Novice: 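Mind looking over this structure? Questions follow.
These numbers were taken from a predicted model, which means no experiment stands behind them. Chain letters run A, B, ... following the sequence lines, proteins first and then strands; every chain starts at 1.
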Amino acid sequence: DAGVTQSPTHLIKTRGQHVTLRCSPISGHKSVSWYQQVLGQGPQFIFQYYEKEERGRGNFPDRFSARQFPNYSSELNVNALLLGDSALYLCASSRAGTGAAGEPQHFGDGTRLSIL
Amino acid sequence: QKEVEQDPGPLSVPEGAIVSLNCTYSNSAFQYFMWYRQYSRKGPELLMYTYSSGNKEDGRFTAQVDKSSKYISLFIRDSQPSDSATYLCAMRAILTGGGNKLTFGTGTQLKVEL
């Protein structure tokens, strides 16, 4: 079975531009989460979506937004890019996404975003 | 103070050694504990997933959780050069909106040498 797939693999943008990153979850998974990983650090939580609704938001500015589609795929949008947005953006999926259900999250290989 | 503390290393061991990786945490709301392995230019790969205090074994890997001390460990037996990677501990908490998020440690860079 295919794992979590993300596109594009790499992206180079300039300050002030907008970017859209895409994620397809593992088949049967209804929850998608987004994380930002800066070099040398662990991933930081940005958003969680479950059944097309936002279920959680991390400490990121409003320039970051996301949505989930009926087929459970997801997009992460970042406006007005800053140099500090350069990072690996990871998408993770799980079967369930709410409450205390013990569902592990599985990650894709990420999109490496570089801001010039 | 960070919610999850993890020594970034690097940690270098000879092939065949037993490796011990550790994390401490401060948030009592964390309910599930995970270890991920991340190779260079790849996403994190789930290795171990535990809920209760105690030990869980899977092949050469053993995860240990001590909730009373807020301390988790990962042991790797008979380490191999292919184990060279960054190891991330992660902890899951329920959010007020009903969702959940993972909080990660910094990651420990491990190198297993021939």
Novice: More than 12 heavy atoms of other residues, nucleotides or ligands under 6.0 Å from CZ of Arg60(B): is that the case?
Specialist: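 Atom CZ in Arg60(B) is crowded, with more than 12 foreign heavy atoms closer than 6.0 Å.
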Novice: Indicate if Leu76(A) and Ile115(A) have the same hydrophobic cluster label, given that clusters are the connected sets of ILVMFWY residues with side-chain heavy-atom separations under 4.5 angstrom.
Specialist: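 Cluster IDs for Leu76(A) and Ile115(A) match.
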Novice: By a 4.5 Å heavy-atom criterion (distance strictly below it), what part of Tyr39(B) contacts chain A: side chain, backbone, both, or neither?
Specialist: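 Nothing of Tyr39(B), per the 4.5 Å heavy-atom cut-off to chain A.
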Novice: Quick one: which of Gly110(A), Pro43(A), Gly42(A) has the most heavy-atom pairs under 4.5 Å with chain B, could you say?
Specialist: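 Of the options given, most contacts go to Pro43(A).
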Novice: I'd like to know whether CD of Gln6(A) has more than 12 heavy-atom contacts from other residues, nucleotides or ligands below 6.0 angstrom.
Specialist: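 Count over threshold, so yes.
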Novice: Are Val65(B) and Phe75(B) joined in one hydrophobic group, where the rule is that I, L, V, M, F, W and Y side chains link up if heavy atoms are under 4.5 Å apart?
Specialist: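 In one cluster: no.
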Novice: If you group Ile, Leu, Val, Met, Phe, Trp and Tyr by side-chain heavy-atom gaps below 4.5 Å, do Leu113(A) and Leu116(A) land in one group?
Specialist: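 Leu113(A) does not cluster with Leu116(A).
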Novice: Please answer whether the main-chain N or O of Gly43(B) pairs with a side-chain N or O of Asp109(A) as donor and acceptor at a distance below 3.5 Å.
Specialist: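 Yes: the side chain of Asp109(A) pairs with the backbone of Gly43(B).
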Novice: Would you call Asn100(B) and Gln105(A) a side-chain contact if the rule is heavy atoms closer than 4.5 Å?
Specialist: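 The answer is yes, as the side chains (C-beta and beyond) meet within the 4.5 Å cut-off.
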Novice: Any side-chain heavy-atom pair from Arg41(B) and His10(A) closer than 4.5 angstrom?
Specialist: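 With C-beta onward as the side chain, the pair touches.
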Novice: Are more than 12 heavy atoms from other residues, nucleotides or ligands located less than 6.0 Å from atom NZ of Lys52(A)?
Specialist: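 For Lys52(A), atom NZ is crowded (more than 12 foreign heavy atoms under 6.0 Å).
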Novice: Supply the atom-to-atom distance Arg57(A) CZ to Lys101(B) NZ, rounded to the nearest 0.5 angstrom.
Specialist: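 Spacing of CZ (Arg57(A)) from NZ (Lys101(B)) equals 13.0 Å.
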Novice: Any link between Leu47(B) and Leu90(A) through a network of hydrophobic side chains (Ile, Leu, Val, Met, Phe, Trp, Tyr) touching at under 4.5 Å?
Specialist: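 Hydrophobic grouping puts Leu47(B) apart from Leu90(A).
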Novice: Could you tell me if the side chain of Gln38(B) sits less than 4.5 Å from the side chain of Leu88(A), heavy atoms only?
Specialist: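 Side chain of Leu88(A) against side chain of Gln38(B), heavy atoms only: contact under 4.5 Å found.
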Novice: Decide whether Met48(B) and Leu88(B) are clustered together by the hydrophobic rule: side chain heavy atoms of Ile, Leu, Val, Met, Phe, Trp, Tyr closer than 4.5 Å, transitively.
Specialist: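 No.
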Novice: Pick whichever of Ala90(B), Gly107(B), Pro44(B) has the most heavy-atom pairs under 4.5 Å with chain A.
Specialist: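 Result: the option with the highest number of such pairs is Pro44(B).
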Novice: Would you indicate whether Asp62(A), at its atom CG, is surrounded by more than 12 heavy atoms from other residues, nucleotides or ligands within a distance under 6.0 Å?
Specialist: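 No, CG of Asp62(A) has 12 or fewer neighbouring heavy atoms, counting only those of other groups under 6.0 Å.
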Novice: What part of Tyr35(A) is in contact with chain B, defined as an atom under 4.5 angstrom from a non-hydrogen atom: side chain, backbone, both or neither?
Specialist: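 The side chain, not the backbone.
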Novice: Under 6.0 Å from the CG atom of Leu83(A), do we count more than 12 heavy atoms belonging to anything else shown?
Specialist: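 More than 12 within 6.0 Å, yes.
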Novice: With respect to chain A, which residue among Thr106(B), Leu95(B), Val4(B) yields the maximal number of heavy-atom pairs within a distance under 4.5 Å?
Specialist: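 Ranked by contacts with chain A, first place is Thr106(B).
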Novice: Which distance, rounded to the nearest 0.5 Å, do you find between the CZ of Arg55(A) and the OG1 of Thr96(B)?
Specialist: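 One finds 12.0 Å between CZ of Arg55(A) and OG1 of Thr96(B).
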Novice: Would the distance check show the side chain of Tyr32(B) and the main-chain N or O of Glu103(A) forming a donor-acceptor pair, the cut-off being under 3.5 Å?
Specialist: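 Checked: no pair found.
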Novice: Can you confirm whether Leu102(B) sits close enough to Phe107(A) that some side-chain heavy atom of one is under 4.5 Å from a side-chain heavy atom of the other?
Specialist: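 Heavy-atom side-chain distance check passes, below 4.5 Å.
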Novice: Given a strict heavy-atom distance threshold of 4.5 Å, which part of Leu46(B) is in contact with chain A: side chain, backbone, both, or neither?
Specialist: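 Side chain of Leu46(B) only, per the 4.5 Å heavy-atom cut-off to chain A.
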Novice: Which atoms of Pro8(B) come close to chain A, meaning under 4.5 Å heavy atom to heavy atom: side chain ones, backbone ones, both, or neither?
Specialist: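 Answer is neither: Pro8(B) stays 4.5 Å or more from chain A.
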Novice: Heavy atoms, side chains only, cut-off 4.5 Å: are Phe45(A) and Phe104(B) in contact?
Specialist: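 No, their side chains stay 4.5 Å or more apart.
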Novice: Measure Gln37(A) against the heavy atoms of chain B and call it side chain, backbone, both or neither at under 4.5 Å.
Specialist: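 Side chain only.
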Novice: Might you confirm whether atom NZ of Lys13(A) has over 12 heavy atoms from other residues, nucleotides or ligands at distances under 6.0 Å?
Specialist: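 Above 12, so yes.
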